Structures are given as structure tokens and as C-alpha cells.
Visitor: 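Here it is: the structure, laid out below.
Each ligand, and each atom within it, is numbered from 1 in the order the structure gives. Counting begins at 1 with the first residue of the sequence. It should be emphasised that the depicted structure is a prediction, and the values quoted were computed from it without experimental measurement.
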Amino acid sequence: MRHDAPLAGPVPTRTTCPYCGVGCGVLATPDGKGGATIAGDPDHPANRGRLCSKGSALGETLGLGTRVLHPLKRNARGAYDRVSWDEALDAVADGLKTIIARDGPEAVALYLSGQLLTEDYYVANKLMKGFIGSQHVDTNSRLCMASTVAGHRRVLGSDTVPGCYEDLDSADLMVLVGSNTAWCHPILFRRIQQNRAERGARVVVIDPRVTATAEDADLVLALKPGSDSALFAGLLVHLADAGLIDRAYIEHHVAGFDAALANAREIAPDIAAVVARTGLSEADIAAFYALWAGTPAVVTAWSQGVNQSAQGTDKVAAILHCHLATGRIGRPGGGPFSLTGQPNAMGGREVGGLANMLAAHMGYSPAEIDRVRRFWRAPRMAGREGFKAVDMMDAVADGRLKAMWVMATNPAVSLPRADAVQAALRGLDLFVVSENVLSNDTLAAGPHYILPAAAWGEKDGTVTNSERRISRQRGFLALPGEVKPDWWIICEVAERLGFEEAFDYAGPHEIYAEHAALSAFENAGSRDFDIGAHGDLTRHAYDGLAPVQWPVPVGQAEGTARLFAEGGFFTANRKATMRPLALPALAAATTEAFPLLLNTGRVRDHWHTMTRTGLSARLSAHVAEPTVLVHPDDAARFGLAAKGFACIATAHGTVVLKIALDPGAQKGSLFAPIHWSGENASNARIGAAVHPLVDPFSGQPEMKATPAAIAPVSFRSRGFLLGADDFALPEGSWWTRVAVEGGLGRLFATQADAAELMQLAREAFGAEGLIEMVDAERGLYRCSLIRDGRLAAALFLGPDHDAPVWDAVKLAFASGEVDPRQRLALLSGRSLDGAADQGPTVCACFGVGLNAIRAAFAEGASVTVEEIGRKLKAGTNCGSCLPEIRRIGAQQRVEVPA
Ligand SMILES: Nc1nc2c(c(=O)[nH]1)N[C@H]1C(S)=C(S)[C@@H](COP(=O)(O)OP(=O)(O)OC[C@H]3O[C@@H](n4cnc5c(=O)[nH]c(N)nc54)[C@H](O)[C@@H]3O)O[C@H]1N2
Ligand SMILES: Nc1nc2c(c(=O)[nH]1)N[C@H]1C(S)=C(S)[C@@H](COP(=O)(O)OP(=O)(O)OC[C@H]3O[C@@H](n4cnc5c(=O)[nH]c(N)nc54)[C@H](O)[C@@H]3O)O[C@H]1N2
Ligand code: SF4
Ligand SMILES: [Mo]
């Protein structure tokens, strides 16, 4: 099913990409059939026309097949009935009222998301904290940016990113800490690469594993997990000893320097101590220190390797300290730079979506509570900080929270101990979810109401990217079915709770203007977040709003690119404060039972729990299966074979993943992707195995280092299914769903044999149009179902060691008509074996596989990445795959000497 009517004609709509925090501008041109063609917006300052593989494929994710289009109510049998909006909204409001009357406002909670728009976020926060009077509002940003927020606030005094993207173009040294920028912020990575190519900027990558980002770095520091603050404490000591402290800056703008330096000397008195704590070589550490010390225009950028840590706040502080101590902050080409994850993680921080913030970058001091109360004319203000995500789910589990409304996040996948989270949600007295999709793991926990929310392309509002730039997301498709924007749903419930006046908005522009006015309310330069210039924005001006960086106070025409070069921190004495750090350590040590550390994170072409990228065949071909990356020595130690399967167990849960050997992996560590859920794989929801130990300041869980064990798992047979989405595989099979051209596929492994699969296939497909091939001796069974001259379904099974010919059959599945030659091929299965196996897709834009790129490199020792581009087009569009192409070339040169 597709959207039926576009709102606009073929004129492109300027909007913003809904994936990562780079916040690229997108031009979307509706095709009149419910889809749209997508291009980068050449005028957007974040990307200047470029898009990465995920952004480029946005048009492939607009289908309505997986969407929830009507309000749904759970019935006594646990199934869902369609209800009217009035019925659903009345019931949600009544349910909240009943629980508030019985258990008090503190029994209800909201769990929000950095994928909401600022306007959605603002009204949700206002309803709970000012009108219902519950402080329990938290967001998936707790899993994402919370340590940066806490680090910024503790050290800088406010949650301010001091720099801007232009600094990445003009830095002479880029230090990337715990960030797989090449895959997770690809357009920023391209800017860094361009700076490197044109200006000779140097790049240092600090990550326990060698990632695509490290491909052509000048220095790769594969430190021990969790040891970043030792490395940066050592850098502070080095800067002090080298006489590079900016005494004037410190004297005027920074408190706590002496204590922080003394503390750094305890952690890292000399390089030998840094060697011991980080496991890095003395030469590498010295090289890094010399580079950093000798390069004033240095940007230190970080992401989840820093934040998702039980000492994430200290890691952020350790980085900020080095920049403050040298005055290298808010200067062109220099400064600390947090890369935000989600498209509107920043906007959520601005409105106060985190449980420890109130609103508009104000906290819970009595004066701030009173100020916000007066501005909102709030009848019932929350008076203190609420539960942070991990604690919030504990409170759901033990019944302190009775009602929860989840919006735009999938906590049954993304929170630590995900199985326990899913079970806890089941026990709520009132459980409401606002969603785009009809099914995911959180919905599998059985909410009482599912409220259909507008998705990207339909919704309208603003987002803020990593450089504090506010951009409009604009709708270019009609709202399908009965879906409504999130802000509308929240305001309707608010009105039914008796708060008509405070939630009577004519549209998102009025919400935005109110949010802007609050940011300026009694501000007078005391708070960083001030967009007072937008406080009286009309609908027309809002619709035409050009991307702008905050702060933009009343009377200021332009945004603000950089802050703090001349101090001016948003604290009482206008100074930043350096803080002593705890001794670097992980929250949990490995044990005999759990001798490895489980690290988790992202792959290039998938977004989180795959509710959107999982719909694109192109994006699903880069990494098709949930795969754990293991160092070859660990594989040998634990008896694991490449392309086999492994069970990964922790104290909290287990998963079974495909194995890939990765020489770039850190010995003693496993790396597993976060994207696969109960929805799209049998047993790969990694969150189930992740421990819930959190940072003391930020409450952010250490999702990158859970003690774990690994053991091989063997299956008798392996195979794939194309089409036949409802085909029931034998009990105990391992499977993963993969979007392919023309439909869905499943890759699977099973203990069943060819005879059992044949029986199942015959039962499922019937005899008509079924072509079969059985070779019991070799353990082979293949069948293809031809309907109306098309390959409607296929099931191929072989022995476990012999992965079948997925690529070739995929092509037949995609190609529509099955001609007699292909029919023969499908019948015998044999000539398909000869069909070129493309290998995993490297270039998602042009569908170029690993094998073609290897073959092209093999033609000569001097083949360049540019030649590969000319020949195969690979890497010539979005460029997300360039680091991998370079790596393939480098490997080939090692394997095939000239
Ligand atoms: N393709 C893609 N891009 C995305 C997303 C996505 O889902 N897919 N999600 C977006 C979101 S919300 C976010 S938050 C960002 C995340 O972006 P990133 O933080 O870049 O991504 P991750 O893969 O989570 O983790 C980054 C790296 O941290 C490393 N790491 C683990 N432990 C340590 C440590 O102790 N020290 C150091 N220095 N490094 C460590 C890991 O090995 C990993 O390579 O990506 C955004 N962009
Ligand atoms: N182990 C481990 N766990 C992690 C991480 C990790 O690195 N390791 N990373 C963490 C991080 S940084 C993040 S950001 C989280 C992400 O984790 P989640 O937020 O749980 O993941 P998403 O798949 O983005 O979930 C978004 C959901 O909201 C729906 N949705 C999308 N847009 C809208 C909208 O406009 N309105 C509504 N109502 N619904 C919408 C989507 O269909 C989807 O179901 O995962 C965290 N969990
Ligand atoms: S880098 Fe890619 S995912 Fe991130 S905003 Fe830009 S196009 Fe979207
Ligand atoms: Mo994130």
C-alpha cells in the first residue's frame, strides 16, 4: 500500500533527514504515487547537497505496508481492534486521570525520543511537568547523549556545543574519540576527509577496535575499553609539563584548574602510567600528545564510545579539560565537539526531555521551577528530578510507576536488559505507545492503546543538529489513514485532562514560538539556550525558516557559530569549572564465566531497530545478518569458525549471531550490532544481554562493555526463503529477515534436514507451480513456487557448511517474469550455482558487491579508488563506502604483491 495523494506537485520540498544528528538538508519531490525522489539540499550548510547511503535511500522507506494507520485498542484476547480517535483519546485521558487520582501524579511517566520533533517534545514535557505534575519524563537520549549533557553542564556550566561544522573543515588536527564517524556521521566524515585531502589535516582515531573510520587515519589508538579518561588526563599532564597551558584564559575563565591537574597527575603521572592504563604503546601515546600539543587548531570530537560508559561524564570532562586548559575552545578550527546521535537529540535537550532537566536548559532549582511555572501558568509543577531511563524501567517493574506512554522509541530493544524491560511493560496498568509501525518489540509487550503517529515526510516541525542548527522538517506527503502528528495527539489528551487553554495550538508554529519565548523568558544572557528572536514567529515565517544556529536572542539577526573563545560561560561567575575525575575503570570486570567484553554499536546502512532501513533492499545488502565481530585469536580460543554461529551469553541474556573474524577487533572484546530485534531475527536482540550499570552523573548505561561468554553453535542445515513471509520454520531454527528486491527474504539455519523441509514446503505451497530438487545424500532441498510466470517464493536448503546460492535466486525473485531458462535453473539449481555471487554489497547506491570490487583491484597493483569509481561507479555517489573500498584495495595489495 502506498500514500494515495501527495500534498504538493512536483516541486521539491526542503526538509531535513530523519536519521543522524548531522542533520542534512534534503530535497524531496513527491512522485504522485505516494513516494518521492530524494536529493541532498545544496543550500543546506550541514551537507551542501550530499547525502549518505541512508539519506539517499529515504525514498525506499516511505511505503505504508508496515505502518499503523488507525488508533488501536487491545481487547481481552490480546488482539487489537480499530477504534475512533475520540474513543482512544478519551480512554487514554480517563486512564491517566484514574491512576493520578488513585496513586498520585508521580505514578505516571513519559518515555520519549530524540526522533520526536521539538514541538512534539515541548508539549509532552509541558503536559507532564507543568500540568499533570509528574517529573517522570525521560528519553532515549539517556542512552545516547546524557553523559555529554552531564559533562557539558558540570564543566562548561551549560549543555552547549561550543563549535560548528566549519571547524571540521578548517581544523589542522581531528581527533575522533569513540566515534565510528565514517559509518555513523558519514557526511561529517566526508568533510573531514576533504579537509585532509585539500589542507592536509591530520586524523587520529581512538577506539578499542579498528573501524572504517580508522581506514586512513594518521594514528589509530586502539586503547583498552574504558580507558579514555586516562589518555586525556595524561594529555593534560603533558600540556602542563610542556608549558602549553593558556594561563590568561584559565585565570579569567576557568575555575578548578589546579585541583584538576593534581588529579590528572594521580591518574597519569607519566607516560608509563598511561601505557599501563590504556594498553597503548609509549610511542603511540607520545606521538598523539606531540600532535595535539603542537596543533592549536584541533577539534576533539566524540560519540558513543565516550558517552555509553559508566564514566562517560568523566570522559567528556577529561576532553573538555584539555581544550579549556589551552584556551582551544570556540575558535575557528578548534574546540571540543560532541557528535549527537539522533536527528533531534539536541532539540530534546533544549525542551527539557531529560528527567534531570526542567525546560529550555533550566534545571530544578526553586527559582527555575518558579520561572517556568509562571511562564506556563502551570497548575501543578514537578518539583524535583524524575527517574532516568534505567531506573524508570525498574520503577515500572516494581510497580512504583503504573502508567507509561512511550513515543518514538523502541525500549524493548534499545534499553539494557531488554527482556526484563519488555516483561515490565506488560505489567503496566496503563501502557500507551505512539508509533509509526504496526509491530515492533515494544508493541509486542501489548500496549493498551496504539496511537498512529505521522512519520517523516508527513510531519512538520523543527530539529536541531550537532552544531546547534535548527532546521525545519517539512511534510511533503498527505497524512495516510488516520495518522496524526505527535504534538496533536498529546494536545488532545491534554485537553481531555482539562488543560484546553494551555494546549490549544493552531499548529506547530505556535508551539515553536512559545518554546522560543520561554527560552528568552527572564534570560537576559544568563542561559545559553536563547532563541528569543523566534518568539513571535508567524506561521509564514516559520514555514520559511532557514537553518539557523542558536543562540539567536531577541534583536540578533544571525545565528551564533561559536561560543566561549572569550569565556562567557553560563554560570554565576561566568567561569567554566574543571573537575577531578574518578580512576578509570569499567563498571564490571570480566570473570571466569564471562571472560570477554561485549561491545555494541552500529553498522553503516541500518538505523537502530530497522523499522525504516529494514524496508530497503539496498540498505539491507551491506550487512545482511546479525553478526558478531571476533578477533581471530579469540575465535581460535573459543572454537569459533568464520561464517559459523555463536551463542553470546551474559548475566542478563543470550543471543545467537553469525560469526565474522575481524583482525581489527580488540582481543578479548566482541562487537555486536544493535539493529536486530525480535521483529527481524529469531534471537539477535543484543539489548537483552547488555548490563544496566550506569554513570553516576548522567545515568547513562555502559552499553559498550558487558562481561560475556561466547561458544560455537552448530546447525545441521542452512538455507534461505524468499517470499512466503508466513512460512513457519521448524522449532528452534535461527533466522533473520532481509529486505530484498521484490519482497522479503529470510536467511536461516536449522537442525532439520532436507526431508523435513521438503514436507513443510509441500504443506505450505501445495503442488501447483512447485518445482523441486532433492538430493538427500548431499542434504539438499530446493523448491521454487512459480505463480503467473513469476517466482512467488523459493526455499533453498543445504548442509550447514555449504551456504546456498542466495544472490542468484534473489535476482530471479526481483526480475518479475521467470523465463524458461531461469525455470530450468531454478529446477536443477545447478546452473544457478555458476551465477556470479556478488558477495556483500559495498556500495549501496549502485549495488556494487565485494567480489566485483576485489576483481577490479586484482587487475593491477596500482588500481586506485578513483579508477574503481570510474569503472564500477562504486563510491561515486554518497561516498559512504569509500573507506571500505580503500580497505579492500589495501588488503588486495597485501595479498597480491605486484
Ligand atoms: N549507520 C548509522 N548511523 C547512525 C546511527 C545508526 O543507527 N546507524 N545512529 C545514530 C545515533 S542515535 C548515534 S548515538 C550515533 C552513534 O555513533 P557512534 O558513537 O560513532 O557509533 P557506535 O557504533 O555506537 O560506537 C562508536 C564506537 O565506540 C567504540 N567504543 C566502545 N568502547 C569504547 C571505549 O571505551 N573508548 C572509545 N574511545 N571507544 C569505544 C566502539 O568500538 C564503536 O566503534 O550514530 C548515529 N548515526
Ligand atoms: N546495546 C546498545 N543499545 C543501545 C545503543 C548501543 O549503542 N548499544 N545505542 C542507544 C542509542 S544511542 C539510541 S539513540 C537508542 C535508539 O533506540 P530506539 O529509539 O529504541 O530505536 P529506533 O529504532 O530508532 O526506535 C524508534 C521507534 O519510533 C518509531 N518512530 C519513528 N519516528 C517516529 C515519530 O515521528 N513518531 C512516533 N510516534 N514514532 C516514531 C519507529 O517506528 C521506531 O519504532 O538505542 C540505544 N541502545
Ligand atoms: S549523514 Fe546521512 S543519515 Fe546523517 S543526516 Fe546526513 S544523510 Fe542523514
Ligand atoms: Mo543515539
Side-chain angles (χ1 to χ4, degrees), residues 16-24 26 40 46-47 50-56 58 113-117 120 140-141 143-145 176-181 183-189 206-209 211 213 221 223-228 231 302-309 315 339-343 345 407-416 418 433-437 440 442-443 451-456 459 465 485-486 489 586 598-613 666 669 671-675 677 686-687 689-690 701 703-706 878 880:
T16 310
C17 176
Y19 295 126
C20 84
V22 177
C24 295
V26 169
N47 57 318
R50 288 168 168 169
L51 294 176
C52 77
S53 49
K54 293 179 296 300
S56 307
L58 272 166
S113 160
Q115 291 166 80
L116 290 169
L117 302 175
D120 305 327
N140 65 359
S141 281
L143 315 174
C144 182
M145 304 314 301
L176 301 170
V177 196
S179 164
N180 189 2
T181 328
W183 282 11
C184 295
H185 296 92
I187 297 302
L188 294 185
F189 190 68
I206 303 174
D207 189 315
R209 60 190 192 109
T211 63
T213 304
L221 302 177
L223 79 184
K224 280 191 211 163
S227 64
D228 304 73
L231 184 64
W302 69 89
S303 191
Q304 297 314 334
V306 168
N307 294 336
Q308 284 171 349
S309 153
K315 287 186 181 185
L339 301 172
T340 45
Q342 297 173 92
M407 295 178 205
T409 177
N410 194 357
V413 181
S414 54
L415 271 168
V433 178
S434 296
E435 248 304 334
N436 288 164
V437 296
N440 68 19
T442 300
L443 296 171
L451 307 178
W456 184 78
K459 57 186 190 173
N465 72 5
D486 285 292
I489 303 171
L586 291 173
L598 172 63
N599 178 4
T600 58
R602 290 150 174 82
V603 304
R604 191 191 75 195
D605 287 353
H606 276 305
W607 176 261
H608 297 170
T609 69
M610 290 212 256
T611 55
R612 287 171 285 174
T613 51
Q666 174 146 142
S669 280
F671 181 82
I674 60 171
H675 308 290
S677 64
I686 198 71
V690 172
M703 299 178 123
K704 299 249 182 285
T706 306
C878 81
S880 301

Visitor: State the atoms of ligand 3, each with its element, that fall below the 4.0 Å cut-off from a heavy-atom position in G23.
Guide: 5 (S)
Visitor: Which residue and non-hydrogen atom of the protein lie closest to atom 2 (Fe) of ligand 3, and at what distance in Å?
Guide: C52 SG, 2.3 Å
Visitor: Test side-chain contact (heavy atoms from CB on, under 4.5 Å) on N47 and V22; report intermediate values, then the result.
Guide: CA-CA 8 Å; N47 57 318; V22 177; 5.6 Å; no
Visitor: What residue and heavy atom of the protein are closest to atom 36 (N) of ligand 1, and at what distance?
Guide: D228 OD1, 2.8 Å
Visitor: Identify, for atom 47 (N) of ligand 2, the protein heavy atom at the shortest distance, and state residue, atom and that distance.
Guide: S414 O, 2.8 Å
Visitor: With atoms numbered from 1 as shown, which atoms in ligand 1 lie under 4.0 angstrom from a non-hydrogen atom of C144?
Guide: 14 (S)
Visitor: Atom 8 (Fe) of ligand 3 to C17: any N/O/S contact under 2.8 Å?
Guide: yes
Visitor: Could you tell me whether some N/O pair between S113 and ligand 2 is separated by less than 3.5 angstrom?
Guide: no
Visitor: Between C20 and atom 6 (Fe) of ligand 3, is there a contact where an N/O/S atom of the residue lies under 2.8 Å from the metal?
Guide: no
Visitor: Flag A408 as yes when one of its N or O atoms lies below 3.5 Å from any N or O atom of ligand 2, and as no otherwise.
Guide: yes
Visitor: Heavy-atom contact check, 4.0 Å cutoff: does K224 meet ligand 1?
Guide: no
Visitor: Does ligand 2 have any atom that is closer than 4.0 Å to a heavy atom of N140?
Guide: yes
Visitor: To the nearest 0.1 Å, how far is atom 1 (S) of ligand 3 from its closest protein heavy atom, and which atom is that?
Guide: I187 CG1, 3.4 Å
Visitor: Looking at ligand 3, would H185 count as a contact under a 4.0 Å heavy-atom criterion?
Guide: no
Visitor: Counting from 1, what ligand 2 atoms have a heavy atom of T600 closer than 4.0 Å?
Guide: 1 (N), 2 (C), 6 (C), 7 (O), 8 (N)
Visitor: Of H608, Q304, K704, which has the heavy atom at the shortest distance from atom 21 (O) of ligand 2?
Guide: H608
Visitor: Over all heavy atoms of both residues, which pair between Q115 and K459 is shortest? Give the atoms and the distance, please.
Guide: O-NZ, 3.0 Å
Visitor: Under 4.0 Å from any heavy atom of S179, which atoms of ligand 1 are there?
Guide: 20 (O)
Visitor: Which residue and atom name correspond to the protein heavy atom nearest atom 33 (C) of ligand 2, and how close is it?
Guide: N436 OD1, 3.1 Å
Visitor: Within the 4.0 Å heavy-atom shell around S434, which atoms of ligand 2 are there?
Guide: 37 (C), 38 (N), 39 (N)
Visitor: Could you list the atoms of ligand 2 found under 4.0 angstrom from a heavy atom of T609?
Guide: 21 (O), 22 (P), 23 (O)
Visitor: Which part of W183 is near ligand 1, with near meaning a heavy atom under 4.0 Å away: side chain, backbone, both or neither?
Guide: backbone
Visitor: So between C184, C52, G178, whose heavy atom ends up nearest atom 4 (C) of ligand 1?
Guide: C184
Visitor: Under 4.0 Å from a heavy atom of P186: give me the atoms of ligand 3 that qualify, with their elements.
Guide: 1 (S)
Visitor: Which residue from M407, H606, K459, R602 reaches closest to atom 13 (C) of ligand 2 through any of its heavy atoms?
Guide: R602
Visitor: Which residue and non-hydrogen atom of the protein lie closest to atom 43 (C) of ligand 2, and at what distance in Å?
Guide: E435 OE2, 3.3 Å
Visitor: Between V306, L339, D605, D207, flag the one that comes closest to atom 41 (C) of ligand 1 by a heavy atom.
Guide: D207
Visitor: Regarding atom 10 (C) of ligand 1: of the candidates Y19, W607, F671, which has the closest heavy atom?
Guide: W607
Visitor: Taking only heavy atoms of N440 into account, list the atoms of ligand 2 that are under 4.0 Å away from them.
Guide: 44 (O)
Visitor: Does N47 come within less than 4.0 angstrom of ligand 3, counting non-hydrogen atoms of the residue?
Guide: no
Visitor: Using a strict cut-off of 4.0 Å, indicate which atoms of ligand 1 neighbour a heavy atom of V603.
Guide: 1 (N), 2 (C), 8 (N)
Visitor: Which atoms of ligand 1 have any heavy atom of P208 under 4.0 Å away?
Guide: 30 (N), 32 (N), 33 (C), 34 (C), 36 (N), 37 (C), 39 (N), 40 (C)
Visitor: At a 4.0 Å threshold, what atoms of ligand 2 neighbour a non-hydrogen atom of V690?
Guide: 1 (N)
Visitor: Number the atoms of ligand 2 from 1 as they appear, then name those within less than 4.0 Å of a heavy atom of A454, with their elements.
Guide: 34 (C), 35 (O)
Visitor: At under 4.0 Å between heavy atoms, is it the side chain or the backbone of W456 that contacts ligand 2, or both, or neither?
Guide: neither
Visitor: Considering the heavy atoms of T611, write down every atom of ligand 2 situated less than 4.0 Å from one of them.
Guide: 41 (C), 42 (O), 43 (C), 44 (O)
Visitor: Grab the two heavy atoms, one from Q342 and one from W607, that are nearest each other, plus how far apart they are.
Guide: CA-CH2, 4.1 Å
Visitor: Within a distance under 4.0 Å of any heavy atom of G226, pick out the atoms of ligand 1 and give their elements.
Guide: 34 (C), 35 (O)
Visitor: For the residue pair N440 and T609, establish whether any side-chain heavy-atom pair is separated by less than 4.5 Å.
Guide: no
Visitor: Quick test of your reading of the structure: of Q308, R612, M145, M703, whose heavy atom lies closest to atom 7 (O) of ligand 2?
Guide: Q308
Visitor: Mark up the atoms of ligand 1 that fall under 4.0 Å of a heavy atom belonging to C20, in ascending order.
Guide: 46 (C), 47 (N)
Visitor: Can you report which non-hydrogen protein atom sits closest to atom 11 (C) of ligand 1, along with the distance?
Guide: G341 CA, 3.3 Å
Visitor: By number and element, which atoms of ligand 1 are closer than 4.0 Å to a non-hydrogen atom of R604?
Guide: 1 (N)
Visitor: Report the part of I674 in contact with ligand 1, treating N, CA, C, O as backbone and CB onward as side chain, heavy atoms under 4.0 Å; options are side chain, backbone, both, neither.
Guide: neither
Visitor: Once you restrict to heavy atoms under 4.0 Å, what part of K315 touches ligand 1? Side chain, backbone, both or neither.
Guide: side chain
Visitor: Between Q342 and ligand 2, does any nitrogen or oxygen pair lie at a separation below 3.5 Å?
Guide: no
Visitor: On a heavy-atom basis, I'd like to know which of S309, S227, G305 is closest to atom 30 (N) of ligand 1.
Guide: G305
Visitor: Show which atoms of ligand 3 fall inside a sub-4.0 Å distance from at least one heavy-atom site of Y19.
Guide: 3 (S)
Visitor: Hey, which atoms in ligand 2 end up nearer than 4.0 Å to a heavy atom of D486?
Guide: 34 (C), 35 (O), 36 (N), 37 (C), 38 (N)
Visitor: What atoms of ligand 1 come closer than 4.0 angstrom to any heavy atom of T211?
Guide: 44 (O)
